[in-house]
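Worksheet: one structure, shown below.
First the proteins, then the strands, lettered A, B, ... as listed; each starts at 1.
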There are 2 protein chains.
Amino acid sequence: MVTSEKPASRPQSLCFNVYAKDCPTRMVLDRLGDKWALLVLDRLQNDVVRFNALKRDIHGISQKVLSQVLKNLERDGLILRTAYPTVPVTVEYSLKPLGTTLIEAVSSLTHWAETHMSEIQAAQHLYDASKG
Amino acid sequence: MVTSEKPASRPQSLCFNVYAKDCPTRMVLDRLGDKWALLVLDRLQNDVVRFNALKRDIHGISQKVLSQVLKNLERDGLILRTAYPTVPVTVEYSLKPLGTTLIEAVSSLTHWAETHMSEIQAAQHLYDASKG
DNA sequence: CTGTATCCTCATTGATACTG
DNA sequence: CAGTATCAATGAGGATACAG
């Protein structure tokens, strides 16, 4: 796609180049865009949790999606997967330090959400009322 | 779905109840999950921009998606749409204060991304090498 | 210029069944 | 218990054409 080029006049506030596919911002947002990933990270924040416990706690997630999410998070170095050779096998997931720092960064966003949610809802009602 | 109930032992770090559909965190993440919305907000951070300028600057976005995104952001009270009755019509989009605060909150995430991206990539390479 | 409408494709997801 | 495999359905998103 685009390799560089954006209106040159203003500072690159979000990212060196938000249009580049390899932009860090894009990647983090993709990760957050996965609505389940963050719930998994959150659930692991203070606990070591097994696969089925995650599935049970994060209500609504399917087995397939959970295993996908876990694989991605593990690949990113955010969580640790530990398998014990019991019968049947036991697998535990836990947060790595990198995952911990991400959760901490995210909390500023959640704080924003809690603070401004009422404003957003008010704006939505206003908008809906005026537009039909 | 689930109305309450989650392992009660640990603090509700992310949200009062991440399983509830009306959880603020969910909503903000949904908004961020829309990969284009943030690019639009970013582009508006210091400028007032017209529709086609946005379309041109945010390379790869389609007309349809751009208009959807703009409508959502306007509905949320994050941006302001101003139409001038010229011929042909002129429409300008700008950031409202609420949108500005969101962008600021997001910047902590982008900072995390820039700081830790190399660690993630290293982890990915390690993972790919070990798993084939 | 600023959109809306339509069609179409492709990726994500859920459900289900099966394996080590 | 902890996944993988397969299939069907749903919907987001692109391309294109058209309208105010």
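- For C/dC1, neither phosphate oxygen OP1 nor OP2 lies less than 4.0 angstrom from any side-chain nitrogen or oxygen of B/Arg50.
- Spacing between atom CG of B/Asn52 and atom P of C/dG3 amounts to 9 Å, rounded to whole angstrom units.
- The phosphate of C/dG3 (OP1 or OP2) has a side-chain N or O of B/Tyr93 nearer than 4.0 angstrom.
- An OP1 or OP2 oxygen of C/dA15 is reached within less than 4.0 angstrom by no side-chain nitrogen or oxygen of A/Ser62.
- Using a 4.5 Å heavy-atom threshold, the side chains of A/Leu70 and A/Tyr93 count as touching.
- Residue B/Gln68 contributes atom CD, which lies 9 Å from atom P of C/dT4 at whole-angstrom precision.
- Atoms CH2 (B/Trp36) and P (D/dG13) sit 9 Å apart, rounded to a whole Å.
- One interatomic measurement links the two molecules: CD1 of A/Ile58 to C1' of C/dT13, which rounds to 16 Å at whole-angstrom precision.
- Atom-to-atom distance recorded for A/Trp36:CH2 and A/Leu66:CG is 9.5 Å, nearest 0.5 angstrom.
- Between the CG atom of B/Leu66 and the P atom of C/dA5 there is a distance of 16 Å, given to the nearest Å.
- Contact of the B/Lys96 side chain with the B/Leu78 side chain is not registered, since no non-hydrogen atoms from C-beta on lie closer than 4.5 Å.
- Note on B/Arg81: a side-chain N or O is less than 4.0 Å away from OP1 or OP2 of C/dG3.
- In terms of position along DNA chain D, the nucleotide closest to A/Thr90 lies nearer the 5' end than the nucleotide closest to the other residue of the pair A/Lys64 and A/Thr90.
- No side-chain N or O of B/Glu114 forms a donor-acceptor pair with one of B/His111 less than 3.5 Å apart.
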Where do A/Val91 and A/Arg50 land on the side chain to side chain contact (heavy atoms under 4.5 Å, CB included) test, with the steps shown first? CA-CA 6 Å; A/Val91 179; A/Arg50 293 170 63 174; over 6 Å; no
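- Using a 4.0 Å heavy-atom criterion, one finds that B/Val89 contacts the bases of the nucleic acid, with or without backbone contacts as well.
- Distance, B/Gln63 CD to D/dA17 C1': 10 Å, rounded to whole Å.
- For A/Lys71 and C/dT12, the NZ to C1' distance is 16 Å, given to the nearest whole Å.
- Across all strands, B/Tyr84 comes closer than 4.0 Å to no nucleic acid atom at all (heavy-atom distances).
- Distance, B/Ile61 CD1 to D/dG14 C1': 12 Å, rounded to whole Å.
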